[in-house]
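All remarks here apply to the structure that follows.
Here is how names work: the chains are called A, B, and so on, in the same order as the sequence lines, proteins then strands, and each is numbered from 1. Because the structure is a prediction, the values reported are computed rather than measured.
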Protein chains: 2
Amino acid sequence: MHSKADHGRVTVTAPVEGMTIAEAAERTGLTPHTLRYYERDGLMLRSVGRTTSGHRVYTDRDLTWVTMLTRLRATGMSIREVKAYAALCRQGAGNEAERLALLQTHRARVLAQLAEVHEHLEAIDVKIGMYASTMARADT
Amino acid sequence: MHSKADHGRVTVTAPVEGMTIAEAAERTGLTPHTLRYYERDGLMLRSVGRTTSGHRVYTDRDLTWVTMLTRLRATGMSIREVKAYAALCRQGAGNEAERLALLQTHRARVLAQLAEVHEHLEAIDVKIGMYASTMARADT
DNA sequence: GTCGGCCTTGGAGTGCACTCGAAGTCAAGC
DNA sequence: GCTTGACTTCGAGTGCACTCCAAGGCCGAC
């Protein structure tokens, strides 16, 4: 059942030691290209592990981080800022206040942008209403 | 009072005939560069008028369109698609159904994306809550 | 032992949406 | 009549976030 994509893995005993980049990609909805890019660019908490043959091994912890990273990205945080957040987390305990500030700033931005989109969407809805009534008139 | 930025305008009699690109930029929140770019790229309903000296003259109709255009852009519609919408509007009456469909498709996408952002934001809020309680503990 | 398939790296390429620069024109003020 | 400053066009440049490619390595299957 797990014959392909098992290349560099030992799978000696333990209950799943990690996964290939392809699996990680599938589970996170990103592409292997993007996962490598994120690592190269310093967005990962730490370098992903490797097998003896050099293949990446993603752990659940890695995926958890990638998920957080995806949430930040999906809400509009730039790569640059995600990198800053990752750097803080990498430093370890002691800078929680900074991390909190960063996330709160982001949160405020997201709320503002959400409000803006809502406003624009309402105006677009008015336009849609106009076209809809035009269609209704043409339908007679 | 209106001495500068009046360059190409005649201002013979009438109650404001149009405005310069600088004024249009200020009123729409875009830059003159961007306004020119939009026109070049075919996003305007029709080419903006010119003075005898070749300067652009923006009318209220132009600004109304730019506003709509800004709303579409701000809600994530691509330049390419805005261009398609502009092309439909330019064609004149008869394709209201297509325009409606385009806007409704866009609306659906925006709603989906809004929901996604909300979901991600909630997860980020949880994280913020964790840091906040860490801070509270450290505060003692 | 060689083939297929997934992996590696470094670097280059892509698409989008602006954004800027250079060189020139024009009307108004001094 | 010369300077000033906002405008013009065309084309090139920028920043972001991927996205892809070439060349090569490793492993299991045939």
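- Here D:dT9 is the nucleotide among D:dT9, D:dT19, C:dC7 with the atom lying nearest to any side-chain atom of B:Arg50.
- For B:Thr34 and C:dA17, the shortest distance from a side-chain N or O to OP1 or OP2 is not below 4.0 Å.
- A:Val110 and A:Leu100 fall into different hydrophobic clusters, where Ile, Leu, Val, Met, Phe, Trp and Tyr are joined by side-chain heavy atoms under 4.5 Å apart, directly or via other members.
- Note: CG (A:Leu43) to C1' (D:dA17) measures 11 Å, nearest angstrom.
- Distance, A:Leu35 CG to C:dC7 P: 11 Å, rounded to whole Å.
- Atom CG of A:Leu69 and atom P of D:dA17 are 12 Å apart (whole Å).
- Minimum atom distance to the side chain of B:Ile79 is reached by C:dA17, of the listed D:dC7, C:dA17, C:dC7.
- You won't find any donor-acceptor pair under 3.5 Å spanning the side chain of A:Arg36 and the base of C:dG10, going by distance alone.
- Among the heavy atoms of the strands lying under 4.0 Å from A:Arg40 is at least one base atom, whether or not backbone atoms are also near.
- For the pair B:Met77 CE and C:dC16 P, the computed distance is 15 Å after rounding to whole Å.
- Going from atom NE2 of A:His55 over to atom C1' of C:dC7 covers 3 Å, rounded to whole Å.
- Whole-Å rounding puts the A:Lys83 NZ to D:dA17 C1' distance at 11 Å.
- For A:Asp41 and D:dG15, the CG to P distance is 15 Å, given to the nearest whole Å.
- In this structure, A:Ser78 reaches the sugar-phosphate backbone alone: every heavy-atom distance under 4.0 Å involves primed, P, OP1 or OP2 atoms, never a base.
- With rounding to whole Å, A:Leu30 atom CG is found 12 Å from D:dA17 atom C1'.
- Phosphate contact (OP1/OP2 of D:dC18, side-chain N/O of A:Tyr38, threshold under 4.0 Å): present.
- In this pair, A:Trp65 and A:Tyr85 present their aromatic rings parallel. The plane angle is below 30°, not in the 30 to 60° band.
- The residue A:Arg56 sits close only to the backbone: its heavy atoms come under 4.0 Å of sugar-phosphate atoms, none of a base.
- The phosphate of C:dC20 has neither OP1 nor OP2 within less than 4.0 Å of any side-chain N or O from B:Tyr37.
- A donor-acceptor pair is defined here as one N or O able to donate and one able to accept, closer than 3.5 Å; such a pair exists between the side chain of A:Glu96 and the backbone of A:Gly94.
- When the side-chain nitrogen and oxygen atoms of A:Ser53 are compared with OP1 and OP2 of C:dT8, none of them lie within a distance under 4.0 Å.
- The 12-atom threshold is exceeded at CZ of B:Arg90, counting heavy atoms of other residues, nucleotides or ligands nearer than 6.0 Å.
- Of the candidate nucleotides D:dG25, C:dA17, D:dT19, D:dT19 has the atom nearest to the side chain of A:His33.
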* Give the C-alpha distance, both sets of side-chain angles, the deciding distance and a yes or no for side chain to side chain donor-acceptor pair (under 3.5 Å) between A:His55 and A:Thr20. => CA-CA 8 Å; A:His55 290 197; A:Thr20 64; over 6 Å; no
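- Here D:dC7 is the nucleotide among D:dC7, D:dC26, C:dC26 with the atom lying nearest to any side-chain atom of B:Ile21.
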